[in-house]
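All values below come from the heavy atoms of this structure, side chains included, with hydrogens, waters and symmetry mates left out. Chain naming here is simple, since letters A, B, ... match the order of the sequence lines and numbering starts at 1 in each.
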Number of protein chains: 2
Amino acid sequence: MVDSQQCPHDSRVSCTDCVLNSICLPIALEAEDIVKLDEIVARGRPLQKGDHLYRQEDEFSSIYAVRSGSMKSYTVTDDGQELVTGFYFPGEILGMDGIGRNRHASSAKAMETVSVCEIPFDNLGALSQKIPSLQQHCFQLMSQEIIDDRQLLALLSKCQAEERVATFLLSVSARKARNRLSATHFRLPMSRADMGNYLGLTVETISRVLSKFQKSKLLAVDNKEISIADICALKELSALRFE
Amino acid sequence: MVDSQQCPHDSRVSCTDCVLNSICLPIALEAEDIVKLDEIVARGRPLQKGDHLYRQEDEFSSIYAVRSGSMKSYTVTDDGQELVTGFYFPGEILGMDGIGRNRHASSAKAMETVSVCEIPFDNLGALSQKIPSLQQHCFQLMSQEIIDDRQLLALLSKCQAEERVATFLLSVSARKARNRLSATHFRLPMSRADMGNYLGLTVETISRVLSKFQKSKLLAVDNKEISIADICALKELSALRFE
DNA sequence: CGCCTGGTTGAGAATCATCAACATCTGTGG
DNA sequence: CCACAGATGTTGATGATTCTCAACCAGGCG
């Protein structure tokens, strides 16, 4: 009865059958452990564009895996500025930064229609005791997040605008490819403002850099659609390899 | 027989007696659990200035707590540039970024004579199973590291030179105060180059900003010695609160 | 004493932010 | 289906901040 062509927002798919299970939380688990994980995963209705999954200072109770669509996370600094801290694509986990203080350190907002799997952390903590590899995997996820943040730090403190944008595009490209989508033709779900905010640049600079890349035939830009024409040249521009 | 005035490099002090135990790893532990932790902690001979505690790509086996002195951590990017990712003072934990890949993602170098406690992670993992609060605490430490990195990201992407330096000085000040040292008069253990690298600025800019702060009577600089004269003004300069 | 590293100060150049005008897209309601 | 308004994106001109290059100074060490 279930459509063999999975609907991206279908909430009935279990971890075992999920097309994302090779890159998502179950990555390191045995089949029988995936079943245990599956039992604690909750799958709610999809979020609409602009909806929040959680907000900064909300009590922390779960981490989340994106099933379809894309989200952004951001923090609001004391002086009221928004800082975009990350973008999340299918198979990626968000919400780990809440573990420390038991309150979320950032907000997560849907950039388009999104469905997520919710993994209640109380249960996960208990489950980790039973499945050591899951505990290990949670440590790995957090440590990966630290490493990614460091990459971004390097990008912001050492590289100039073109390098930052090139690196960002390559990162999106690689993540699309991991989801078995085209690495050269994709849609950027975020606004120029969010991109700029994330990369520490203004909207205008983002726009100018993209125009310049287009003029030099590195890629074609059509609003949010990007077609990378010369990925090698882009990689040369981006000295830092992004995963 | 033991000196009541603890020598800062004394390796015989147990976690129970350590003056740092209110801010270090044992922070969340019961007395009996501290004893268990103490059994797995190794305390080697002090490191000399310039010595490495571990190097990027080394196999990950332990996390470390600074007992005395100070360390810096840094990564080397693909194109050979050094990126200083953090400074560590007594009571602070480093090495957590190695958990993910089982190899250290950064190098750690002593900026002066340093003594550290080594906490073998294999045992810690096993111990975490027995002491749930320790597992929770490890998650907290990592999540705090993510939050700190995000703070730094905000600093680099939103703030200009004076704000960055002011915020950095306040961070050091707060950490000195936490170790019951003066919050207004202290020694910066790192070079201007390391400071600049960490803050995404050049040596010259650091030097100029410090000179300017001195001219406007915010503080006095004598080489690495800093005396903060007007900490309120400094806080106003630094919009972002740093822990 | 001289060398070398680390730090300071100055002048000029480059990058990116700012401000402003305009173009395009989106969605809403007639 | 079209018209309109608001949001989003592009492009240009100008200016501020910070980097780069260079000279110079101070301290530590052989």
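Distance NZ (B:K224) to P (D:dA26): 17 Å, rounded to an integer number of Å. In this structure, A:D194 places its CG atom 13 Å from C1' of D:dG9, rounding to the nearest Å. For the pair A:R187 CZ and D:dT8 P, the interatomic distance rounds to 13 Å; values are reported in whole Å.
First and last contacts of DNA chain C with chain B, using any nucleotide atom under 4.0 Å from a protein heavy atom and ordered 5' to 3', fall at C:dG7 to C:dA11.
Listed by chain and number, the residues in a side chain to side chain contact (heavy atoms under 4.5 Å, CB included) with A:A177 are A:A183 (sequence neighbours excluded). Considering only residues two or more places apart in sequence or on other chains, A:E118 meets the side chain to side chain donor-acceptor pair (under 3.5 Å) condition with A:S62. Listed by chain and number, the residues in a side chain to side chain donor-acceptor pair (under 3.5 Å) with B:E57 are B:R103 (sequence neighbours excluded). Listed by chain and number, the residues in a ring-ring contact (aromatic ring centres under 6.0 Å, His included) with A:Y54 are A:Y64, A:H104 (sequence neighbours excluded). Looking at residues two or more places apart in sequence or on another chain, you find no side chain to side chain donor-acceptor pair (under 3.5 Å) involving B:K176. A:R55 pairs by the side chain to side chain donor-acceptor pair (under 3.5 Å) definition with A:H52, not counting sequence neighbours. Listed by chain and number, the residues in a side chain to side chain contact (heavy atoms under 4.5 Å, CB included) with A:A233 are A:L218, A:D230 (sequence neighbours excluded). For B:S143, the side chain to side chain contact (heavy atoms under 4.5 Å, CB included) test picks out A:I99, A:M142, B:I147, with sequence neighbours left out. By the side chain to side chain contact (heavy atoms under 4.5 Å, CB included) test, A:K224 pairs with A:R187, A:S191, sequence neighbours left out.
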From CA spacing to verdict: side chain to side chain donor-acceptor pair (under 3.5 Å), A:S106, A:S73: CA-CA 6 Å; A:S106 60; A:S73 65; 4.8 Å; no
Are any protein N/O atoms closer than 3.5 Å to N/O atoms in nucleotides 12-19 of chain D? If there are, list each pair with its distance.
from: D:dG12; atom 1: N7; to: A:R208; atom 2: NH1; distance (Å): 2.7
from: D:dG12; atom 1: O6; to: A:R208; atom 2: NH2; distance (Å): 3.1
from: D:dT18; atom 1: OP1; to: B:A161; atom 2: N; distance (Å): 2.7
from: D:dC19; atom 1: OP1; to: B:G200; atom 2: O; distance (Å): 3.4
from: D:dC19; atom 1: OP2; to: B:T202; atom 2: OG1; distance (Å): 3.1
from: D:dC19; atom 1: OP2; to: B:T205; atom 2: OG1; distance (Å): 2.3

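Taking five base pairs at each end of the helix from C:dC1-D:dG30 to C:dG30-D:dC1, the local helix axes there meet at an angle of 30°, rounded to 10°.
Positionally, the nearest nucleotide of DNA chain C for B:R192 lies more toward the 5' end than for the other of B:R192 and A:D222.
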